[in-house]
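Below is one structure, written out as structure tokens, with a few remarks after it.
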Amino acid sequence: MAWLEEHLSSYPKTVIVVSHDRFFLDRVTNKTLDIENRRATLYKCPYSAFAEQKKQDYRAKMKKYELQKKEIARQEAIIEQQRRFNREKNIIKAESRMKALERMEKVERPDDAPKGIGFSFRAGIESGNDVLSVKELSMGFGQNTLFSGISFDVKKRERVFILGPNGCGKSTLVKILCGLMRQKSGRVDFGYNVELGYYDQENQNLDENNTILDELWDAYPNLTQTEIRNTLAIFLFRGDDIEKKVEVLSGGERARLTLAKLILSRMNLLILDEPTNHLDIESREALENALKDFDGTIICVSHDRYFTRQLATRFIDIGENGLDYRGGYDG
């Protein structure tokens with residue numbers, strides 16, 4: 001990614017790119033074409049500046065619209081008052097003001113952004129201060145060793161991001177922590193009252209033959225249909241959508257359904273494997289906000305540097321560097 005950013009940033013010709021990687025967009029682009037509500041608007045700035053400018057533009061347009069609406073109401077009240085006087089000169093004044101209103105160039109109310117997802121993670125019972133202890137963990141397949149001798153502890157409310165090059169075993173480590181794979185050697189011990197919630201980047205914990213409604217209801221049979229439908233609506237599954245089979249869902253839809261299942265569990269430790277894969281920018285930002293407000297512990301694997309910058313308080317590198325760094329992304 002770093003090489004590609006450097007290459008495109010210095011490329012002397014034109015580049016048109018579609019990407020949900022906000023960090024990449026900030027590094028590579030100098031204009032942003034925003035397509036929303038069937039309209040396209042070109043901003044002469046990269047993503048982060050565009051996002052702020054778009055908010056400011058919306059506020060300015062809404063303020064202009066509201067001011068004109070108040071002025072129209074004020075003029076209409078004056079016109080009505082003049083007409084009530086029912087004298088010739090008052091009627092003339094009323095007609096004059098009415099013509100002025102009709103000639104006024106009306107300011108259209110700015111369109112609201114398409115409704116996105118907005119949700120929160122609710123921690124269950126509070127865990128002890130010692131959430132996880134990993135001692136001398138090793139894993140491999142056949143003669144291929146992925147990692148060996150990994151040891152670290154995780155404390156309550158830490159946001160730990162696991163780093164390392166592709167193929168070093170990050171997802172395998174996550175599966176071992178979740179009890180989905182067995183390590184070759186070493187120990188994984190959870191602390192007192194730890195309740196685990198797991199997000200799988202491949203969304204394999206979905207039944208392809210289920211409908212969207214049944215997938216969530218099967219996981220939480222004690223909830224009412226209204227509660228299930230309300231949860232699905234938060235993730236933009238409404239109306240006939242909830243009868244779609246899981247097998248026909250897009251990557252983004254599968255990701256949203258997996259998140260819907262996750263928020264209903266009462267966990268205090270979230271283990272997330274590439275949670276922003278398949279999510280659009282708005283959904284990524286909603287996930288970031290939910291995780292920022294989560295009153296529990298987070299262990300995450302992610303290549304999304306913008307996402308990482310927003311959340312991480314600690315990094316563990318299981319590659320050759322073996323770094324264990326407490327601090328934010330830019331440090």
Side-chain angles (χ1 to χ4, degrees), residues 14-22 25-26 28-120 226 229-244 250 252-253 256 279-290 292-293 306:
T14 302
V15 175
I16 299 175
V17 58
V18 176
S19 176
H20 289 138
D21 187 329
R22 295 157 292 174
L25 292 173
D26 276 342
V28 169
T29 66
N30 54 25
K31 292 184 179 180
T32 302
L33 184 67
D34 178 44
I35 303 174
E36 186 175 273
N37 292 322
R38 302 175 300 281
R39 293 176 183 158
T41 305
L42 184 64
Y43 292 79
K44 296 182 179 180
C45 51
Y47 174 77
S48 291
F50 142 75
E52 183 57 35
Q53 185 62 52
K54 183 177 178 181
K55 291 177 185 176
Q56 292 178 11
D57 289 351
Y58 179 84
R59 287 194 291 265
K61 290 176 182 176
M62 183 59 78
K63 183 178 180 180
K64 189 175 180 180
Y65 168 77
E66 293 292 347
L67 286 173
Q68 188 184 71
K69 190 168 74 169
K70 287 181 180 178
E71 176 59 19
I72 290 173
R74 188 180 75 87
Q75 292 294 338
E76 287 175 341
I78 293 173
I79 291 168
E80 182 61 28
Q81 185 182 52
Q82 293 290 343
R83 284 175 173 168
R84 281 201 302 268
F85 290 149
N86 201 26
R87 296 173 183 170
E88 183 177 356
K89 66 176 182 179
N90 298 113
I91 292 174
I92 292 172
K93 287 181 180 179
E95 292 300 323
S96 177
R97 286 181 180 271
M98 195 67 199
K99 288 177 182 178
L101 274 184
E102 291 171 355
R103 290 193 301 268
M104 181 186 290
E105 185 177 345
K106 300 298 189 294
V107 176
E108 290 187 11
R109 187 186 189 282
D111 291 333
D112 292 327
K115 188 172 178 58
I117 64 176
F119 60 96
S120 60
T226 298
R229 283 176 174 271
N230 288 342
T231 301
L232 289 172
I234 292 172
F235 289 90
L236 309 184
F237 296 115
R238 302 185 181 95
D240 294 338
D241 282 347
I242 65 173
E243 299 301 333
K244 289 167 68 174
S250 68
E253 288 172 325
R256 285 189 275 118
L279 294 179
D280 59 26
I281 288 177
E282 290 76 14
S283 298
R284 292 179 185 209
E285 291 175 346
L287 176 59
E288 285 166 9
N289 292 331
K292 285 177 183 177
D293 293 337
Y306 201 101

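These values consider heavy atoms only, across backbone and side chains, with no hydrogens, waters or symmetry-generated copies.
E66 has no carboxylate O lying under 4.0 Å from a charged side-chain N of K63, or vice versa, which leaves the two without a salt bridge. Taking 4.0 Å as the cut-off between side-chain N and carboxylate O, R83 and E95 count as a salt-bridged pair. In this structure, D112 pairs ionically with R109, as a charged nitrogen and a carboxylate oxygen lie closer than 4.0 Å.
For the pair K106/E108, no side-chain contact is recorded, criterion being any heavy-atom separation below 4.5 Å from C-beta on. Using a 4.5 Å heavy-atom cutoff, the side chains of E253 and K244 are in contact. Side-chain contact between R59 and M62 is absent, with no heavy atoms from C-beta onward closer than 4.5 Å. Between Y58 and K61, the closest side-chain pair of non-hydrogen atoms is not below 4.5 Å. In this structure, the side chains of T32 and K54 stay at 4.5 Å or more apart for every pair of heavy atoms. T41 places none of its side-chain heavy atoms less than 4.5 Å from the side chain of D57. Side chains of L287 and F119 form a contact here, defined as non-hydrogen atoms less than 4.5 Å apart.
Annotation for E88: atom CD does not count as buried by contact number, only 12 or fewer foreign heavy atoms lying within 6.0 Å. Within a 6.0 Å sphere centred on CG of L42, other residues, nucleotides and ligands contribute more than 12 heavy atoms. Within a 6.0 Å sphere centred on NZ of K292, other residues, nucleotides and ligands contribute more than 12 heavy atoms. Heavy atoms from other residues, nucleotides or ligands lying under 6.0 Å from CG of D240 number 12 at most.
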side-chain contact (heavy atoms from CB on, under 4.5 Å) between D26 and Y306, worked out: CA-CA 10 Å; D26 276 342; Y306 201 101; 3.9 Å; yes

Derivation of the salt bridge (Lys or Arg N to Asp or Glu O under 4.0 Å) call for K99 and E102: CA-CA 5 Å; K99 288 177 182 178; E102 291 171 355; over 6 Å; no

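For the residue pair E285 / N289, no side-chain donor-acceptor distance below 3.5 Å is found, with atom types taken as modelled.
Nearest approach of A94 to Q82, heavy atoms of both residues: CB-CB, 3.9 Å. In this structure, D34 and Y43 approach most closely via the heavy-atom pair CB-CE1, 4.1 Å. Closest approach of I234 and G118 over heavy atoms only: CG2-O, 3.1 Å. Shortest non-hydrogen contact noted between R22 and Y47 is CG-CE2, 3.6 Å. Contact detail for V17 and L25: the closest heavy-atom pair is CG1-CD2, 4.2 Å. Nearest heavy-atom pair across Q68 and E105 is NE2-O, 2.9 Å.
Here I72 contributes atom CD1 and L67 contributes atom CG; the two are 11.0 Å apart, rounded to the nearest 0.5 Å. Rounding to the nearest 0.5 angstrom, the gap separating the CD atom in Q53 from the NZ atom in K55 is 12.0 Å. Rounding to the nearest 0.5 Å gives a distance of 12.5 Å between NZ of K70 and OH of Y65. To the nearest 0.5 Å, atom CZ of residue R229 and atom CD1 of residue I242 are 3.5 Å apart. If you take NZ on K93 and CD1 on I91, they are separated by 12.5 Å, rounding to the nearest 0.5 Å. One finds the CD1 atom of I79 at 11.5 Å from the CD atom of Q81 (value rounded to the nearest 0.5 Å).
With hydrogens and angles disregarded, no donor-acceptor distance shorter than 3.5 Å links the side chain of R97 to the backbone of I78. Put simply, the side chain of N90 never gets that close to the backbone of N86: no donor and acceptor are under 3.5 Å apart.
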